[in-house]
Structure formats: structure tokens, C-alpha cells
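Down below is the structure, laid out as C-alpha cells.
Quick note on labels: first sequence line is chain A, next is B, and so on, each numbered from 1. A quick note: this is a predicted structure, and the numbers were derived from the prediction, not measured.
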There are 2 protein chains.
Amino acid sequence: MTDPIRLLLADDHRMLRETLKRSMLDEGFDVVGEASDGQEAVDLAEELQPDVILMDVTMPEIDGVEATRRIVEQRPDARIVMLTMHADQDVIAAAIRAGASGYLVKDCSFDEVAATVREAISGEVSQQVAASMLREAKGLADDAESVITKREIEVLQLIADGCATPEVAEQLFISQKTVKNHLASIYAKLDARDRTQAVLQAVRMGIVRLY
Amino acid sequence: MTDPIRLLLADDHRMLRETLKRSMLDEGFDVVGEASDGQEAVDLAEELQPDVILMDVTMPEIDGVEATRRIVEQRPDARIVMLTMHADQDVIAAAIRAGASGYLVKDCSFDEVAATVREAISGEVSQQVAASMLREAKGLADDAESVITKREIEVLQLIADGCATPEVAEQLFISQKTVKNHLASIYAKLDARDRTQAVLQAVRMGIVRLY
DNA sequence: TACGAATTGGGCCGCACGACCTATGTAGCC
DNA sequence: GGCTACATAGGTCGTGCGGCCCAATTCGTA
């Protein structure tokens with residue numbers, strides 16, 4: 001029997017974190033830490049050096065994809081399995097580019113979670129990730145190479161918070177015209193045609209938070 | 001030692017359902033069934049007659065609040081604890097009116113879940129529910145007495161799915177004008193000023209699903 | 001039977017929004 | 001020194017959108 005796999009759980013919902021922890025402990029994993037936001041995940045990843053990190057995409061402060069990017073930057077051998085609500089192609093592609101080793105939709109079974117974590121350790125990649133990598137290689141779905149900038153995220157978040165264009169401009173100390181320009185850029189990147197679709201897509205992708 | 005509390009879990013995310021089941025079993029509860037959508041929850045509630053139902057607000061087919069309404073209609077003594085992502089006043093109020101015995105945000109601890117289920121059995125109500133009932137009684141936040149109609153939900157869902165006004169009209173075989181009228185009514189009820197805010201609020205309330 | 005709510009529809013008005021084009025300053029990078 | 005990306009800002013144009021009037025039909029129900 002080898003040493004138990006050391007896990008770090010990162011999810012902003014305490015209920016899932018705690019129930020998942022109990023189940024993983026049951027399965028013989030060693031849960032060494034828990035993070036409730038992206039920044040905490042980055043910090044704990046460095047401090048605890050876990051074997052695998054189970055990380056939700058949608059988190060406060062820093063989203064899971066960005067947190068993955070920062071962790072992999074510091075430690076290229078880090079194994080990170082992403083969790084998400086929706087099976088969004090763009091998110092999967094972004095997660096892979098950020099350096100994730102696996103990808104799980106929250107609708108999967110617990111057995112799949114355990115299996116994917118073990119695969120992450122052994123170096124294998126999940127079917128979903130492999131399929132996406134294949135698609136990436138073929139260049140079929142690489143339009144996801146449209147990275148939303150920090151400023152664009154700020155605009156999206158303010159709109160999700162209920163601001164109209166003039167209010168977004170006021171909050172960010174820029175002109176309404178600039179806000180519109182950012183929006184136009186966002187529409188192109190997220191394949192949306194109006195602010196409603198853009199915000200919804202951003203929510204799906206975990207870029208923006210719903211309070 | 002009394003008989004274990006018989007539980008029915010209703011949540012569309014298999015991961016949470018399974019991990020929660022494991023944890024509840026650990027705690028001595030008897031999980032007699034699992035439902036992945038609102039209709040299944042209603043059916044299983046009648047079939048299994050569980051002591052307590054732990055039900056997510058956001059579910060396919062029928063949302064948790066409506067499912068609660070139907071279950072309570074058939075069995076007024078049913079104990080239902082609602083689960084949700086966001087602590088939305090309107091949702092809490094709607095859940096209470098539907099007949100829920102308790103209310104939990106998914107950011108709570110597992111101990112709180114277990115405690116609330118036990119309280120639901122003993123007839124006590126959680127602090128959150130009590131506070132909301134107080135507010136209801138005072139008539140402070142009873143603007144939630146604005147029930148979204150079926151037709152309005154259809155309009156909201158189509159907009160969330162990416163339709164603009166003309167497309168919604170086409171899908172529902174009605175004029176654009178009628179769609180606008182429904183939207184105006186929705187804005188008043190959800191305290192929104194445009195379709196973006198209306199859809200986001202609907203997502204928060206679990207009225208509309210994000211695919 | 002009569003009332004209210006839901007659903008349907010019309011017209012008008014003003015403005016916000018999105019499409020398209022151009023332009024400047026400021027970074028970072030090879 | 002150039003190249004690219006980002007953030008900033010302007011203009012114009014058409015139409016989608018929301019506010020505010022009103023009215024007809026159907027339906028459950030008091």
C-alpha cells in the first residue's frame with residue numbers, strides 16, 4: 001500500500017467542500033486543506049504542496065482557471081482537477097491551457113471524482129480532457145483563444161451587478177463610449193450579441209459571480 | 001434510540017447528491033431516495049413518504065419551490081428543507097409560502113444541514129426562516145407576493161437561451177408586443193429594469209435554468 | 001353572475017444599445 | 001525602433017428596448 005494521495009479542495013460552497021471531504025477521506029484520500037476562494041487556493045497550494053488539487057471554476061477573488069494558471073506557473077508538476085457546473089467547451093479549453101490535468105462536471109458521480117483524481121496522479125487524462133485536447137489540436141474549437149481582459153471582466157461584473165452603461169462608466173471613471181467598446185469586444189469573444197447573453201456566458205464560464 | 005430519520009434528497013447535481021448521501025448516512029440518517037429533478041422529487045415524495053426532504057431550488061422540469069408546493073398540497077405534514085446557492089429574500093419568502101420547513105444556503109456547514117433536518121422534524125424552524133416569517137408578518141418584504149406566471153417563465157427561459165424579442169415572439173406564436181408586455185410585468189415583479197437583470201434574478205431564484 | 005387575473009394585442013415616445021469605422025496613448029516585447 | 005495588444009474616446013446610424021397609455025378575450029372563482 002502506497003502513501004495516501006494528499007488532496008487540496010477548493011470550492012466556495014462549504015456544504016460541497018465538507019461533504020466531499022468526508023467522502024474523499026472515506027475513500028482513503030488525505031484531505032490536507034480546504035480553500036474557499038481562488039487566492040486561498042493559490043496560497044495553500046504553495047504552502048501544503050498537495051498531490052492533487054480539486055478546484056471549482058466559479059470562485060470569488062480569483063476564478064479557478066486563473067488560480068490554476070498561477071499554481072502551474074509556480075509548480076509545473078502540480079496536478080489540478082477542475083470542477084464546474086456546466087460542460088462548457090470554452091471553459092474546458094481554458095482549463096487545459098491553464099494547465100489542468102483533469103476536468104469534471106458537477107453532475108458526475110463520486111466514483112468518477114475519485115477515479116479522475118487517481119488518473120491525475122498517474123498522468124492519465126480524462127476522456128473529456130483528451131477529447132478537448134484533440135479538438136484543440138484539430139483547431140476546431142480554438143476560438144476560445146479569445147482571452148477576456150481584466151478590464152472587460154470588470155465591465156461584465158458591474159453589468160451583472162445591475163449597472164447600466166452610464167453607471168459602469170461612472171464606476172470605472174471612463175466614458176460611456178469606452179464601456180461600449182469593451183462590450184463590443186466582449187461580444188466578439190464570448191460569441192454573444194447583447195449584454196444579457198454576454199453576462200450569462202460569463203456566469204457559465206465562472207468569469208463573473210452572481211450575488 | 002429512536003428510528004433513523006428517513007430522508008429524500010433532491011438535487012440535480014449528482015456529485016452533491018452522492019457526497020451528501022454518504023455524509024448523511026454517516027450521521028445516522030436513512031437516505032431512502034434520490035431525485036435529480038423536481039418532478040422526480042414529487043413522485044418519490046409520494047411513493048416513499050420520507051420524514052424530511054432536502055430539496056434544491058434550482059432543478060430541471062419543476063423548480064424546487066413549485067415541487068414543494070405540490071408535495072405540501074398532497075401531504076400538508078411533509079417536512080421540506082430547501083437548499084439554494086444564494087440567500088435571496090424573495091426565494092426564502094416563496095419557499096415559506098410554498099410550505100417549506102427550513103432553508104439552507106449551500107455555503108453552510110454540514111453540521112447545519114444535519115441540525116436543520118432534525119429541527120424540521122421536531123417542528124422548529126431555522127433562524128433564517130423565522131426571520132423571514134417575521135419580516136413577512138411585518139409586511140416589510142412581502143413584495144415577493146408577485147408570483148411569476150407560467151407564460152412569464154417561458155419568456156424568461158427563452159431570453160436566457162439567447163432569444164431576442166422577435167425570436168421569443170416567434171417561438172411562442174405571439175406578437176412582439178405581447179412579449180414586451182410580459183417583460184414589463186416581469187420587471188415589476190422581479191424589481192429589474194432590463195432583461196439582463198430580470199434573467200439574472202430569475203437564475204438566482206431558480207426560476208430559469210442556465211444550460 | 002360578476003370580479004379579478006392572465007394572456008393577448010395596439011400605439012406612441014424617447015433613449016439606450018449594438019454595428020461599424022477611425023484614432024491616440026501606453027505598455028510590453030522581440 | 002517597430003510590433004502588437006490594451007485601454008481610451010469620438011462619430012453615425014438604425015433599431016431594439018422600456019415606459020406609459022389603453023382594450024379584448026378567456027378563465028377560475030368568489
Next item on the list: Starting at the 5' end of nucleotides 18-30 of chain D, put B wherever the base has a protein heavy atom under 4.0 Å, S where only the sugar-phosphate does, and a dash everywhere else.
Entry: BSB----------
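- Test A/Ile53, A/Val113, A/Leu7, A/Thr116 against A/Val81 for side chain to side chain contact (heavy atoms under 4.5 Å, CB included) and you get one pass: A/Thr116.
- The separation between B/Leu172 atom CG and C/dT8 atom C1' is 12 Å, rounded to whole Å.
- End-to-end axis angle of the helix from C/dT1-D/dA30 to C/dT22-D/dA9, from C1' rotation axes over five pairs per end: 50° (rounded to 10 degrees).
- Annotation: salt bridge (charged side-chain N to carboxylate O under 4.0 Å, His left out) contacts of A/Glu40 (sequence neighbours excluded): none.
- Rounded to an integer number of Å, the gap from CD1 of B/Ile153 to P of C/dA6 is 12 Å.
- The main-chain N or O of B/Asp11 is found under 3.5 Å from a side-chain atom of B/Arg17 such that the two form a donor-acceptor pair.
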Item checked: Full working for salt bridge (Lys or Arg N to Asp or Glu O under 4.0 Å) between B/Glu154 and B/Arg151 -> CA-CA 5 Å; B/Glu154 289 180 324; B/Arg151 201 56 163 173; 2.7 Å; yes
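- Applying side chain to side chain contact (heavy atoms under 4.5 Å, CB included) to A/Met55 and the options A/Leu9, A/Ile71, A/Leu8, A/Leu83 leaves one that passes, A/Ile71.
- Every residue was checked against the side-chain hydrogen bond (donor to acceptor under 3.5 Å, both in side chains) condition with A/Gln176, not counting sequence neighbours, and none meets it.
- The CD1-P distance, from A/Ile174 to D/dC6, rounds to 16 Å in whole Å.
- Rounding to whole angstrom units, NZ of residue B/Lys150 and P of C/dT8 are separated by 11 Å.
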Next item on the list: Assign a letter to each nucleotide of nucleotides 25-30 of chain C from its 5' end: B, base within under 4.0 Å of a protein heavy atom; S, sugar-phosphate only; -, no contact.
Entry: ------
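- Nearest approach of A/Arg79 to A/Asp51, heavy atoms of both residues: CB-O, 3.4 Å.
- Summarising the geometry, the separation between CD on A/Gln176 and P on D/dT8 is reported as 14 Å, rounded to the nearest angstrom.
- Considering only residues two or more places apart in sequence or on other chains, B/Asp194 meets the side-chain hydrogen bond (donor to acceptor under 3.5 Å, both in side chains) condition with none of them.
- When all heavy atoms are compared, the tightest approach of B/Glu152 to B/Ile186 is O-CD1, 3.6 Å.
- When the side-chain nitrogen and oxygen atoms of A/His182 are compared with OP1 and OP2 of D/dT8, one or more of them lie within a distance under 4.0 Å.
- A salt bridge links A/Glu66 with A/Arg70; the closest basic N to acidic carboxylate O contact falls under 4.0 Å.
- Here the side chains of A/Lys106 and A/Asp56 are in contact, with some heavy-atom distance below 4.5 Å.
- With rounding to whole Å, B/Glu152 atom CD is found 10 Å from C/dT8 atom P.
- For the pair B/Ile186 CD1 and C/dT8 P, the interatomic distance rounds to 12 Å; values are reported in whole Å.
- Residue A/Thr178 has a polar side-chain atom (N or O) positioned under 4.0 Å from OP1 or OP2 of D/dA9.
- Close to C/dA6, at under 4.0 Å from its OP1 or OP2, lies no side-chain N or O of B/Thr149.
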